Amino acid sequence: MTTNNSDSPGAGNPAGEGPSDFIRDIVAADVAAGRHQTIVTRFPPEPNGYLHIGHAKSICLNFGIARQFRGRCNLRMDDTNPTKEEVEYVESIQRDVHWLIAGWADHCLALKARGVGPATVETDGRTDFHQEPVPNPRAEGRSPTAEAGDAMAGGPYGESAEVEPFYASDYFQPLYEYAVELIRRGQAYVCDLSPEDTDKYRGAPDRAGVESPFRHRSVAENLDLFARMKAGEFPNGTRTLRAKIDMASPNVWLRDPVLYRIRHATHHQTGADWCIYPMYDFAHCLSDYVEGITHSICTLEFEVHRPLYDWVLDNLDLPRAQPRQYEFARLNLSYTIMSKRKLLQLVREQKVAGWDDPRMPTLSGMRRRGIPAAAIREFCARIGVTKYDGLTDVALFEHAVREDLNRRALRRMGVLRPLKVVITNLPDDHSEDLEAVNNPEDPAAGTRRIPFGRELFIDQDDFMETPPPKYFRLRPGGEVRLKYAYIIRCDEVVKDADGRVVELRCTADLDSKRGGATADRKVKGTIHWVSAARSFPAEVRLYDRLFTVPEPDGGEGDFLAHLNPESLEVVTAQLEPSLAAAQPGECFQLERTGYFCPDRESRPDRPVFNRTITLRDSWAKLAKKG
RNA sequence: UGCCGGAUGGUGUAACGGUAGCACAGCAGACUCUGGAUCUGUUUGUCUAGGUUCGAAUCCUAGUCCGGCAGCCA
């Protein structure tokens, strides 16, 4: 083992991929033992919803392993249930995966030739089905070549129409033949029990099941019935194909599990070709086998299915090495929900503006909100991979987002809730451009000019008529620094008929600009501002967490009851002119306020920005304490 | 009460029989033309009880607590 001198955080394994975990340890041991030529993992979402931050953990694990061990990761649609799946979801899944792994593991992404199903080959004199990927054009050298951001248009394969994800539905024919083989071996039978009776016969965890009266049909009869199921002779729910295992097994998944059910339904990929569809437990292990997956990594709830996963593979005459299943704990994040069913409910009941609403924990929502893919990856690396089913504090996630954005976001000035300020010792037509730093964390980001004039806007929060102790901003008679500009003193507070402060009249210390005679004068506070004449209004959407409690779907009660009524506030802000040129995908820090990005609905004549996340605010904390 | 799995500060993790460490959060301070960032310091932890051992978070035994599993969902 080589010494790793990398100073990157968590240089815990030879490849410098961040800290290892029990699954990587297993893979590393397999590699060391020479058990596989290449490591092949897979990410197998069911296209019945949008991907969320929980999927990101799985994507980072599966692609991260492929990356670390110079293998590949197959993107596969686990589409064996036509009644719940849609093409909208298969498309969104591809976009989200490309976005998340761009510039990091896109060279490990494996897709297959469009329209090309598994090949039937002869291995060791036995019939074998095999689905090959098409070589990843970025795979040479096995290193990432793209910078995050160029990923939206199809990922590493570019705009190519020649490739597509793997689909479990591509394997329906081989799967059917495997099922026939199981019947021939006396390991599967057609059962006429109704769904209700199937349940009753299964027994309970602490009570053995009862064998189906159809369990001992002859192979010939089973073959005939199964063929007729496929031919569409029977209505939905009238018959199933079941594995013949053990109705008394302490593991209920071994009590003659259903392998195929009848569903007269149109499938988004295979159309009307089939009216019988394989169940997860039958399809998944064999899909893994057909694709040559070495490590099939899934979440904890499948742990009890592993004996069945192995049973199916063990009871067929498969010439190649069998994949192995490993389980890890799914991600639970405080103040959010991860259930696809509940996320769908939020969308259907219009509690949010769609799957990509910036408040959603979906990858598309986070992308729209301005959260960088790199921040999500960093978060996933930091939370690690274990079998402990905990609840991760969303603060861990927010930290990763701020850390990434602080490093990269250009600083800009913008006032969310404008309050007019008049500098009375400046002429009406005063106008000058002041130099401002684009990113103090990155000198290479350079500087820009921002316009200054007699009339300005500052944030309403930055003035208080009767401030509490330790309030460092503007107050009657008080002084404050205008960032990049002058120190001003508030001489007069102008109010409207209702007593609301509508304007501040101030005098500026005209020598206090950077380089000026009094530039080094110390004043307590520095606030941001924009020129009234040379700023522009924009809609800004201020997002807060969607739920008010740490575990919205924990315990009983309706999770909708915990929706945060203040999760979205819309304001009309005044922004510095340079922001008018902001492009989708860019992110900015409005100084002292937070990180923002143009929304996808933003138009030149109607700019719209989303607040990604606030800056840490130690004043707010102090103020709350009183 | 059947089977499978888990338990290390408030949270997420590391330590693979040999000094319980890291990150987040918290607290205190320094610095600051962002009350941001940065830097210092700091509070808090091995589920319990036995055993093996010179030595146990780690191995053994018993218990406690938590999670998952009885879809023709995945």
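Here is the naming used below: chain letters follow the sequence lines, and residue numbers restart at 1 for every chain. Being a predicted model, the structure only gives us computed values, none of them experimental. Computed from heavy atoms alone, side chains included, the values below leave out hydrogens, waters and symmetry copies.
- Under the ring-ring contact (aromatic ring centres under 6.0 Å, His included) test applied with A:Trp529, the options A:Phe452, A:Phe463, A:Phe457 reduce to a single match, A:Phe452.
- Using atom P as the reference point in both B:rA70 and B:rG63, the two lie 27 Å apart (nearest Å).
- Within the nucleic acid shown, A:Gly237 comes within 4.0 Å of at least one base atom, counting heavy atoms only.
- The side chain of A:Lys621 lies closest to B:rC27 when the candidates are B:rC27, B:rG36, B:rG2.
- Taking atom CZ of A:Arg207 as the reference point, atom P of B:rC3 lies 16 Å away to the nearest angstrom.
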For this session: Apply ring-ring contact (aromatic ring centres under 6.0 Å, His included) to A:His267 and A:Phe172, showing your working.
Result: CA-CA 12 Å; A:His267 186 283; A:Phe172 282 172; 5.7 Å; yes
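- Taking atom C1' on both nucleotides, B:rG68 is separated from B:rG26 by 33 Å, rounded to a whole Å.
- In a base pair of the Watson-Crick type (N1 to N3 plus N6-O4 or O6-N4) or a G-U wobble (N1-O2 and O6-N3), with each distance short of 3.5 Å, B:rA20 is matched with no nucleotide.
- Here the nucleotide nearest the side chain of A:Asn406, chosen from B:rA37, B:rC3, B:rU13, is B:rA37.
- Of the listed nucleotides (B:rC72, B:rG35, B:rC24), B:rG35 has the atom at the smallest distance from the side chain of A:Ser618.
- Between A:Glu46 and A:Lys340 there is no salt bridge, since no side-chain nitrogen of the basic residue lies less than 4.0 Å from a carboxylate oxygen of the acidic one.
- Among the heavy atoms of the strands, none lies under 4.0 Å from A:Ile487.
- Comparing atom distances between the A:Tyr388 side chain and each of B:rC72, B:rG35, B:rU13 picks out B:rU13 as nearest.
- The two residues A:Ser512 and A:Arg481 have their closest heavy-atom pair at O-NH1, 2.7 Å.
- For A:Arg545 and A:Thr336, the side-chain atoms include no donor-acceptor pair closer than 3.5 Å.
- Checked by distance alone, A:Arg473 brings a side-chain donor or acceptor within 3.5 Å of a matching partner on the base of B:rG35.
- A close approach under 4.0 Å does occur between a side-chain nitrogen or oxygen of A:Arg592 and OP1 or OP2 of B:rG35.
- Under the Watson-Crick or G-U wobble criterion, with both distances below 3.5 Å, B:rG2 is paired with B:rC69.
- Atom name C1', nucleotides B:rA28 and B:rG21: the rounded distance is 23 Å, in whole Å.
- Evaluation of atom-type donor-acceptor distances gives a pair under 3.5 Å for the side chain of A:Gln589 against the base of B:rU34.
- Among the atoms of the strands shown, base atoms are found under 4.0 Å from some heavy atom of A:Thr198.
- Look at CG on A:Asp246: it is 14 Å from P on B:rC3, rounded to the nearest Å.
- Residue-level contact check: A:Lys470 touches the bases, meaning some heavy atom is under 4.0 Å from a base atom.
- Using the Watson-Crick or G-U wobble rule with both distances under 3.5 Å, B:rG26 pairs with B:rU42.
- Among the heavy atoms of the strands, none lies under 4.0 Å from A:Thr83.
- Remark: ring of A:Trp619 stacked against base of B:rG35; centroid gap under 5.5 Å, plane tilt under 30°.
- For A:Met279, whose side chain is taken as the heavy atoms from C-beta onward, the closest listed nucleotide among B:rG35, B:rC72, B:rU1 is B:rC72.
- Base-pair partner of B:rU61: B:rA49 (Watson-Crick or G-U wobble, both distances under 3.5 Å).
- Taking the side chain of A:Val304 as heavy atoms from C-beta on, and the options B:rG35, B:rG12, B:rC69, the nearest nucleotide is B:rC69.
- In this structure, B:rG36 makes no Watson-Crick or G-U wobble pair, since no nucleotide meets both defining distances under 3.5 angstrom.
- RNA chain B is contacted by both A:Trp253 and A:Asn439; A:Asn439 maps to the nucleotide lying nearer its 5′ end (nearest heavy atom per residue).
- The nucleotide whose nearest atom lies closest to any side-chain atom of A:Arg202 is, among B:rG6, B:rA70, B:rG36, B:rA70.
- The nearest whole Å value for the distance from the CG atom in A:Asp281 to the P atom in B:rC69 is 13 Å.
- Residue contacts for A:Lys387: at a heavy-atom cut-off of 4.0 Å it reaches the sugar-phosphate backbone alone, with no base atom in range.
- Using atom P as the reference point in both B:rU48 and B:rA57, the two lie 11 Å apart (nearest Å).
- Look at CG on A:Leu308: it is 12 Å from P on B:rA74, rounded to the nearest Å.
- One interatomic measurement links the two molecules: CG of A:Asp21 to P of B:rA15, which rounds to 10 Å at whole-angstrom precision.
- Closest to the A:Arg616 side chain, of the nucleotides B:rG12, B:rU34, B:rA37, is B:rA37.
- If you take atom C1' in B:rU13 and the same atom in B:rG55, they sit 26 Å apart, rounded to whole Å.
- Relative to the six-membered ring of A:Phe234, A:Arg239 meets both conditions, a distance below 6.0 Å and an angle of at most 45° to the axis.
- Contact annotation: side chain of A:Arg411 to base of B:rU34, donor-acceptor pair present below 3.5 Å.
- For A:Lys524 and B:rU32, the NZ to C1' distance is 13 Å, given to the nearest whole Å.
- Taking 3.5 Å as the limit, the base of B:rG36 and the side chain of A:Glu441 contain a donor-acceptor pair of atoms between them.
- Only the C1' atoms considered, B:rG17 is 11 Å distant from B:rU52, to the nearest whole Å.
- Ring-base stacking between A:Phe472 and B:rG35 is satisfied, the centre separation being under 5.5 Å and the plane angle under 30°.
- Annotated as syn: B:rG71, whose O4'-C1'-N torsion sits within 90° of 0.
- Checked options A:Arg306, A:Arg330, A:Lys387; the residue passing with A:Glu301 is A:Arg330 (criterion: salt bridge (Lys or Arg N to Asp or Glu O under 4.0 Å)).
- Between A:His305 and A:Phe302, the two ring planes are perpendicular [angle over 60°; tilted spans 30° to 60°].
- The phosphate of B:rC33 has neither OP1 nor OP2 within less than 4.0 Å of any side-chain N or O from A:Arg521.
- Across B:rG12 and B:rG71, the matching P atoms stand 31 Å from one another, rounded to whole Å.
- Taking atom CG on A:Leu482 and atom P on B:rU34, their separation rounds to 13 Å, with Å as the unit.
- Other residues, nucleotides and ligands place more than 12 heavy atoms under 6.0 Å from the CZ atom of A:Arg475.
- Separating the CG atom of A:Leu396 from the C1' atom of B:rG10 is a distance of 12 Å, rounded to the nearest angstrom.
- Across all non-hydrogen atoms, the minimal contact from A:Ile450 to A:Ala436 is CD1-CB, 3.8 Å.
- Judged by closest nucleotide on RNA chain B, A:Asp25 is the one of A:Asp25 and A:Tyr260 placed further toward the 5' end.
- Taking the side chain of A:His399 as heavy atoms from C-beta on, and the options B:rC24, B:rG26, B:rC72, the nearest nucleotide is B:rC24.
- With both ends at atom P, the span from B:rG50 to B:rU58 equals 14 Å, rounded to whole Å.
- Among the heavy atoms of the strands, none lies under 4.0 Å from A:Pro45.
- Nearest to the side chain of A:Tyr471, among B:rC73, B:rU11, B:rG35, sits B:rG35.
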